[in-house]
Amino acid sequence: MGDNVVHLHKNTDPPTREAAVTTLTVVPDPAPPAPVPLWVRSGRALKTAATHENTKTVVRTVARHGLYTFNGGRIVARRTWDGRTGARYERMLRAAEAAGNYEVAEEWEERLQRFREARHRRRMDLLHSPLDVAKGAAVGTGMSIGTLVALGVVMALNTKDVTDVITPLGAVIEFIGLLITIVQVVWPYAVTLGPLFALLALWSVGRKQQAAPNWALPANVRSGEGEPITPSIVVKALRDLGVPALRNAIKEMGDAGASMLGPIRIAGCGVEVDVTLPSGVSTIEVQNRRRKLAENLTRHEHEVFITIPQAARTVRLWIADSGALDEPIGPSPLVTDDTMTADYAKGKAPWGQDLRGDAAALSLYQRHLLITGLSNQGKTVALRSLALWLSLDKSVQFLMGDLKGVGDWAMFDGLATTLIQGPTDEHVIQVTEMVESAVDEMNRRIQAPPGTTFPPLIVLVDEAQVAFMCPAKDEDRRPYGGSKANSRYFMAVRKIHNQGRAVNVLMWQGTQDPTNENLPKLVREGAHTRASLALGTESQARMALGDKAVDGGAAPNLLRPGLDRGTLVVASDGITIPAGQSSITVRTHYIDDDAAKAITDRAKALRDGVTTLHAIERGAEHDSLADIAAVIGDAPRVRTKDVLARLATRNADAYGGWSFIDLKRVLDDAGAEPYKSDGVMVVARDRVARALANRDGSASADG
């Protein structure tokens, strides 16, 4: 049966009279698998060897060093050709003509003509040089032999031996023979090693220039991480940008596109270069390919910024050093300089650094402010740092509403006239009434006699989107939030935007994730200074900064959430922006809570003392003299106009329409008359306190 298997099956049925039967069954083995042909196994082995990483490394190495030598020869040949001919001058001449710079073209044409004249003189000199060389050699040989013979005569006279006459000449002949012997020995090796040294020199030139395809270069070179920016790299990045008109124009330029570039200037932690685009290529085509351009420059997208300068058909590229934007900037001067003060009208707040590394300072004089961005990107810190600087001007007053309510603004307690903190609808109602009291103060100032000056009043609302989205309504069914004509917060902000600037009543707002619902169009366009941290989309960037800034290159939507925390794009005439640009990118200083408290302590020391209100009093009987004492606080005396402003903030319904005459009437009746101090009318704390004590004592006696 061969390899077959024999199975014995025994009948297991119940026994019968017949004998049990044993059955023999022959089961054949399964067929063995067919053998794999040799050519298939060889092909698989060859494929495995060809695709192995070691094989790829060897191929890349061989290709790289071979191309180093070949392209090194091309580079040397090109340099030799440029040195022996006027090709270099002709290229520069064509490039200047293509750029329309005809004065430079004429200068290069003159240089080319001078080069040709000098070359012609050298060639004419070569025609006469053989005869001159022969004459010089004959004369030189004769003089040399005569000199040697004369020297031999002197030696013979000295030694009394006539044979010494030819001793110097014989020594020279022996030396020449030695040189011939050396050449005969060395020449075979020179013939063999000379070409090898020449190839080594060509390989060295090619290696220094990295004259090999990118796929053949080593991994550390191929990545290009931190590669310095050169004109050739910029032109190559533009050529490979995917714009056919740009690529074709670069190919047709005699200088391979170098004429498009201005000088590459060091700009802070990167470089800056202006690129004049050829006809038929628009700036928007380059702007829309920012990521590809950054990758062509071996940079990340956030390390390349494209702006539009004043020159027509020109883009300005700012290219950061690799990784430089991930390094923090230094501390704020507010923290390091304990003697710093502020000047609302003439000073600028130290906010951070621009991309060049220069200090970025913002003027706050009569400018409404809006800062927006995604959550947890540093909006509150950026807004607070401006308020901290301005608090060092003791004439500035603050009305503050923090609709987050986690204590980010707690250090302004005792510095701000009003400080409301909390995220509920009741807090929104309080903040809305605070803003409306500022509107009343604005109207009072507008009605003052012409030429009257007013202290700055900053109305600051952080997390303003909470107010716009608030669903609460008052007793007249008017909504506090929203963007309709009867929305109380919206209309109060609009009124300040419309007229507040003229009388130094300014609106500052910070908001998250701008949309048409949580940041209405009329409100965001009413801000003179608009700044944005990282955003999600271009449409949000347009809401935050406006179409003009975004069309000019502003792109907060391309900032990296989390990684670029504290970096914002600013559109404002209050900050120095490079000519021709509509925005500037600022990396703000980080001031933590402890440092902020130290700054506000310095600000409080500059003032006479401020009693901070944490709620707006409304709908209750008021005691004018007690309210006056409350707003004076611990200060020994306060100017009458400051008392009026604080009273209006404390209770707009009761004191919003008060003038100096109303204040003077109440104080005169109580025996606490205002008086002049240093040329201004003031109210004395002691007089008001004495009047209150006398009034309370009289009431007790009568009782």
Side-chain angles (χ1 to χ4, degrees), residues 344-345 362-372 383 386-387 390 396-401 417-418 428-429 431-462 464-465 467-470 474 476 478-511 514 516-531 542-549 571-574 616 641 644-645 648-649 652-653 656-657:
Y344 162 75
L362 179 68
S363 173
L364 303 173
Y365 178 66
Q366 293 188 345
R367 290 179 176 88
H368 302 302
L369 175 66
L370 172 65
I371 299 180
T372 187
L383 183 62
L386 298 177
L390 201 55
V396 178
Q397 302 171 4
F398 292 98
L399 303 179
M400 291 185 169
T417 305
T418 301
V428 172
I429 294 172
V431 168
T432 301
E433 293 177 347
M434 178 192 75
V435 178
E436 289 174 338
S437 71
V439 174
D440 295 335
E441 169 64 13
M442 176 188 72
N443 292 332
R444 185 189 70 80
R445 293 183 177 190
I446 291 174
Q447 297 171 7
T452 305
T453 58
F454 303 100
L457 176 61
I458 306 300
V459 185
L460 189 152
V461 179
D462 195 11
Q465 77 279 355
F468 285 113
M469 299 295 289
C470 179
D474 62 13
D476 297 326
R478 293 179 59 198
Y480 286 93
S483 58
K484 296 182 179 179
N486 63 341
S487 300
R488 291 182 59 175
Y489 180 79
F490 170 77
M491 290 306 299
V493 173
R494 286 292 300 140
K495 289 176 182 178
I496 294 178
H497 278 176
N498 289 338
Q499 295 179 297
R501 174 179 175 274
V503 290
N504 283 334
V505 178
L506 303 177
M507 191 75 208
W508 290 11
Q509 294 184 97
T511 182
N516 285 322
E517 288 72 27
N518 63 24
L519 187 59
K521 183 175 186 292
L522 292 178
V523 170
R524 61 181 185 251
E525 291 185 350
H528 302 99
T529 296
R530 299 166 71 173
R542 292 183 180 276
M543 291 179 187
L545 300 177
D547 291 337
K548 180 180 179 181
S572 172
D573 61 350
I616 302 297
K641 61 180 180 179
L644 287 170
T649 301
D653 295 334

Take Tyr365 and Arg501, measure what side-chain contact (heavy atoms from CB on, under 4.5 Å) needs, and give me the verdict at the end. CA-CA 9 Å; Tyr365 178 66; Arg501 174 179 175 274; over 6 Å; no
Heavy-atom closest contact ([X] atom, [Y] atom, distance):
X: Tyr344; Y: Pro456; value: CD2-CG, 3.3 Å
X: Ala502; Y: Gln366; value: O-NE2, 4.3 Å
X: Gln465; Y: Gly510; value: OE1-O, 4.2 Å
X: Ala438; Y: Ile496; value: CB-CD1, 4.1 Å
X: Gln397; Y: Pro455; value: NE2-CG, 3.7 Å
X: Val431; Y: Gly401; value: CG2-CA, 3.9 Å

Check the pair Leu644 / Glu441 against side-chain contact (heavy atoms from CB on, under 4.5 Å), numbers first and verdict last. CA-CA 9 Å; Leu644 287 170; Glu441 169 64 13; 5.9 Å; no
Quick one: does any side-chain atom of [X] pair with a main-chain N or O of [Y] as donor and acceptor, under 3.5 Å?
X: Thr417; Y: Leu399; answer: no
X: Asp474; Y: Asp476; answer: yes
X: Arg530; Y: Ala544; answer: yes
X: His368; Y: His528; answer: no

So [Y] and [X], do their side chains get closer than 4.5 Å, heavy atoms only?
X: Phe490; Y: Leu522; answer: yes
X: Leu457; Y: Met442; answer: no
X: Met434; Y: Met400; answer: no
X: Tyr489; Y: Val428; answer: no
X: Arg444; Y: Asp440; answer: no
X: Arg445; Y: Thr452; answer: no
X: Asn486; Y: Pro479; answer: yes
X: Ile429; Y: Arg488; answer: no

Passing candidate, side chain to side chain donor-acceptor pair (under 3.5 Å) with Arg524, options Thr372, Asn516, Thr511: Asn516
With a sphere of 6.0 Å drawn around NZ of Lys641, does it hold more than 12 non-hydrogen atoms of other residues, nucleotides or ligands? yes
Please report the interatomic distance [atom1]([X]) to [atom2]([Y]), rounded to the nearest 0.5 Å.
X: Met469; Y: Ser483; atom1: CE; atom2: OG; value: 10.0 Å
X: Tyr480; Y: Glu436; atom1: OH; atom2: CD; value: 7.5 Å
X: Leu370; Y: Leu383; atom1: CG; atom2: CG; value: 9.5 Å
X: Phe454; Y: Ile446; atom1: CZ; atom2: CD1; value: 9.0 Å

Evaluate Val523 against Gln509 for side-chain contact (heavy atoms from CB on, under 4.5 Å), listing each step before the verdict. CA-CA 10 Å; Val523 170; Gln509 294 184 97; 3.3 Å; yes
Decide side-chain contact (heavy atoms from CB on, under 4.5 Å) for Met507 and Val435; before the verdict, give the C-alpha distance in whole Å, the side-chain angles of both, and the deciding distance to 0.1 Å. CA-CA 9 Å; Met507 191 75 208; Val435 178; 4.3 Å; yes
Applying side chain to side chain contact (heavy atoms under 4.5 Å, CB included) between Val396 and each of Leu364, Leu390, Leu506, report the one that passes. Leu390
